[in-house]
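Before any comments, here is the structure.
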Amino acid sequence: MAEQREKLLSIRHLTMEYQPNRRLFEAKKPSVKAVSDVSLDIYAGETFGVVGESGCGKTTLGKCIVRLLKPTAGELFFNDGGEMKDLLRLDKKTSFALRQKIQIVFQDPYASLNPVHTIQEAFDEPMRVHGIGGGSREKRTEIIANALTRVNLQPDYMYRYPHEFSGGQRQRICVAKALVMEPRLIICDEPVSALDVSIQAQLLNLMRKLQRETGVTFFFIAHDLSVVQYMSDRIAVMYLGHVVELADAGDLYARPLHPYTQALLSAVPVPVLQAKKERIVLKGDVPSPMDPPTGCPFHPRCANCMEKCKTEKPELHEVEAGHFVACHLYQQHT
Amino acid sequence: MQENDHILRVQDLKTDFKVGRRTVHAVNGVTFDVRRGKTLCIVGESGCGKSVTAHSIMQLLPPNGTIAGGTISYYTRDGACEILSNYKRSGPRMRAIRGKEISMIFQDPMSTLNPVYTVGSQIMEMLKKHEKVSKAEGKARIIRLLGELGIPNPEIRYDQYPHEFSGGMKQRIMIAIAMICNPTLLIADEPTTALDVTIQAQILDLIRKMQESYGTSVILITHNMGIVVEIADDVAVMYMGRIVEFGSVQQIFSHPVHPYTRALMRSVPVLGMNKDQELAVIEGTTPDASTVFTGCEFAERCECARPECFHRFPKDTEIEAGHRVRCLLYEEGGEENG
Ligand SMILES: Nc1ncnc2c1ncn2[C@@H]1O[C@H](COP(=O)(O)OP(=O)(O)O)[C@@H](O)[C@H]1O
Ligand SMILES: Nc1ncnc2c1ncn2[C@@H]1O[C@H](COP(=O)(O)OP(=O)(O)O)[C@@H](O)[C@H]1O
Ligand code: SF4
Ligand SMILES: [Mg+2]
Ligand SMILES: [Mg+2]
């Protein structure tokens with residue numbers, strides 16, 4: 001990974017605030033800052049993992065990248081043939097063209113396929129719109145057959161309806177549906193969380209194989225640290241909308257720096273005898289994003305909390321090559 | 001085999017469901033003991049019969065489900081034996097035991113907590129059902145328990161409604177309802193599956209603490225092998241309504257023998273694992289629950305299957321004291337079996 005790496009996506013100061021649905025005469029409700037000033041670089045061909053507990057903003061971040069949501073602030077620079085273009089400020093034509101390059105696979109394989117369409121119908125429409133297969137229907141069908149084979153399904157499954165498939169098969173279909181668009185980046189939002197463990201393994205192995213074959217970049221979101229660590233080259237840890245740590249997967253596991261990452265890692269039950277480690281049991285729950293704490297977002301639950309943490313928000317900064325952390329413990333000497 | 005060492009003995013339990021005209025054998029001859037004061041973990045993938053086993057013990061099966069065979073024996077504190085499988089599901093004996101002697105935590109707290117009553121009154125209801133206590137005395141006891149369960153401001157929380165609690169806090173309320181009568185056996189069905197890992201750690205810690213303070217025996221159902229290592233004394237691995245391997249946590253993890261157990265263990269990524277290592281895949285999917293088998297249920301997905309596996313039923317074979325496996329590879333001789 002140390003060679004010159006090509007940046008595929010640069011997320012800059014991305015913030016997403018959900019505005020409450022406010023009814024007439026109702027008191028003003030606070031907005032929810034689901035993603036708060038996130039900056040990340042994603043490199044071509046890597047698997048970039050995002051972990052954090054439910055509600056920390058992973059899905060929101062993913063949806064902003066595929067532009068299913070319009071961020072409140074920030075930029076999203078995407079590498080279009082060597083030129084970094086801000087996805088949020090594009091002319092219509094480029095915007096449409098680049099949509100094809102970023103695909104998403106959702107957590108729930110049951111909700112993400114329309115029950116009234118056969119697999120072929122579901123795949124064909126976006127392909128046609130984007131001119132994949134040069135406008136030829138036969139060519140598109142061939143591409144679909146190919147994609148299904150690559151995810152270990154039979155090509156003639158394309159004439160079936162979603163209800164004829166198991167959860168694991170559906171999730172592979174969703175991956176194939178992303179693949180036919182010839183994307184450079186696939187956002188995978190908890191792609192295996194709804195699957196049984198043995199089925200999980202099939203999908204994870206498959207995704208790794210596809211990446212080796214096509215060089216596609218994965219933005220891999222999950223709450224299961226073991227899965228993320230296994231799949232990813234680099235990992236960002238999120239807490240309450242903030243990226244609190246960013247490092248190579250191995251580094252993050254071997255030397256987690258942020259107190260939250262440490263607690264998260266220590267909480268993961270490991271299926272190995274004598275692996276019992278000192279567990280950091282966090283107190284209380286994640287605070288409400290409608291009323292986030294001042295200073296460090298983690299300070300109310302942090303065992304190392306100092307005075308400064310309560311008022312000053314620590315910025316993400318590099319403490320070792322490639323290892324970033326947002327915590328005052330590591331900023332004292334600067 | 002001293003009867004007093006265990007609190008529950010399940011022998012050859014069979015539970016069937018009527019689905020239209022078909023009969024589904026959801027639990028198909030399950031045998032295990034729960035040792036007094038210890039934790040038994042039941043693991044397996046979804047649909048293998050974990051919840052049905054638990055509901056059979058509690059006699060909480062839906063109307064289309066029946067215990068079709070086997071015995072469930074429960075040994076009370078003073079050594080008396082109650083054959084639960086002989087009791088009527090809503091009869092007085094079962095009602096006296098359920099919630100008082102044996103209680104259960106369900107996977108989804110929302111399906112058990114009633115949104116229109118305060119949590120305090122729901123815990124009180126369980127307490128009143130089984131014990132004669134004054135209102136003040138009961139309330140004091142509940143508030144004490146809520147405090148022990150790590151719920152801040154229990155006096156205030158007592159009068160709040162379920163929607164005012166987070167997922168982790170609701171699960172604590174479920175534990176409170178299950179623990180208020182100080183049961184001897186607690187059955188927890190995937191108590192942390194819906195929760196985040198840090199909250200999961202809190203809840204597992206709590207169950208362990210309650211067990212230490214009150215000597216409760218526990219059956220914990222999970223699909224997470226990591227949780228098993230952490231909390232189990234004994235382990236039952238289930239597949240298609242059968243226990244395919246049973247042993248102490250040491251036996252199962254240092255020397256897993258059933259091909260399914262072994263594959264299950266190698267199919268999950270382990271924190272810190274070498275990335276070049278491929279995950280083991282169990283080919284295919286779990287067969288439909290109404291499939292009729294002529295041999296080992298796992299044969300068609302098994303790496304080690306031999307021709308005979310497809311047309312002979314394996315028997316339980318004890319390969320070491322307390323460690324048994326249901327696989328033809330470990331049967332001695334080649335005795336025929338029905
Ligand atoms: N459509 C929405 N409207 C308002 N708030 C939302 C919406 N979607 C998500 N949120 C809130 O934004 C925060 C982040 O949610 P999400 O991105 O789904 O987190 P994650 O995927 O990490 O679980 C949560 O507090 C959630 O309640
Ligand atoms: N109410 C029911 N009616 C019919 N079949 C049922 C019912 N409940 C469970 N089953 C069947 O019993 C099997 C075991 O279910 P269960 O014990 O819930 O599995 P799990 O191990 O995931 O808890 C399933 O395959 C299911 O088909
Ligand atoms: S900044 Fe302070 S409160 Fe936040 S994680 Fe670091 S030590 Fe804890
Ligand atoms: Mg999400
Ligand atoms: Mg279940």
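We name chains A, B, ... by the order of the sequence lines, and we start the count at 1 in each one.
- Residue A:Asp224 holds its CG atom at 9.0 Å from CG of B:Leu271, rounded to the nearest 0.5 Å.
- In this structure, chain B has heavy atoms under 4.5 Å from both the backbone and the side chain of A:Leu282.
- More than 12 heavy atoms of other shown residues, nucleotides or ligands fall within 6.0 angstrom of atom NZ in B:Lys170.
- Of all the heavy atoms in A:Pro269 and B:Glu230, the pair that sits closest is CA-OE2, 3.4 Å.
- Using non-hydrogen atoms only and a strict 4.5 Å limit, the part of residues 240-254 of chain B facing chain A consists of B:Val249, B:Gln250, B:Phe253, B:Ser254.
- Scanning both residues, A:Ser198 and B:Ile282, for their nearest heavy atoms gives CB-CD1, 3.5 Å.
- The two residues A:Arg301 and B:Thr198 come nearest to each other via the heavy atoms NH2-OG1, 4.0 Å.
- Interface remark: A:Ser166 contributes side-chain atoms only to the contact with chain B (heavy atom separation under 4.5 Å).
- The part of A:Ser232 that comes within reach of chain B is its backbone (N, CA, C, O), which places non-hydrogen atoms under 4.5 angstrom from that chain.
- Using a 4.5 Å cut-off between heavy atoms, B:Gln200 contacts chain A through its side chain alone, with no backbone atom that close.
- Side-chain contact between B:Leu279 and A:Tyr230 is present, with at least one heavy-atom pair separated by less than 4.5 Å.
- With chain B as the partner, the residue from A:Gly250, A:Ala254, A:Ala201, A:Ala263 showing the most heavy-atom pairs under 4.5 Å is A:Ala201.
- In this structure, chain A has a heavy atom under 4.5 Å from the side chain of B:Leu264, while its backbone stays farther away.
- With a 4.5 Å cut-off on non-hydrogen atoms, B:Arg266 does not touch chain A at all.
- Taking both residues in full, the closest heavy atoms of A:Arg208 and B:Glu278 are given as NH2-OE2, 3.9 Å, listed atom of the first, atom of the second, then distance.
- The closest side-chain heavy-atom distance from B:Val229 to A:Val272 is not below 4.5 Å.
- With rounding to the nearest 0.5 Å, the separation of NZ in B:Lys275 from OG1 in A:Thr47 is 9.5 Å.
- In this structure, B:Val270 and A:Val270 have side chains that are in contact, with non-hydrogen atoms separated by less than 4.5 Å.
- Taking 4.5 Å as the limit, every side-chain heavy atom of A:Ser226 sits out of range of all side-chain heavy atoms of B:Val268.
- No part of B:Ala263 comes within reach of chain A, as not one of its non-hydrogen atoms sits under 4.5 angstrom from that chain.
- A:Gln229 approaches B:Gly272 most closely through the heavy-atom pair OE1-N, 2.8 Å.
- Contact record, B:Gln202 with A:Val281: CG-CG1, 3.7 Å, taken as the closest heavy-atom pair.
- Of all the listed residues (B:Ser166, B:Gly226, B:Gly47), the one sharing the greatest number of non-hydrogen pairs under 4.5 Å with chain A is B:Gly226.
- Side-chain atoms of A:Asp196 never come within 3.5 Å of backbone atoms of B:Glu45 as a donor-acceptor pair (strictly under, hydrogens ignored).
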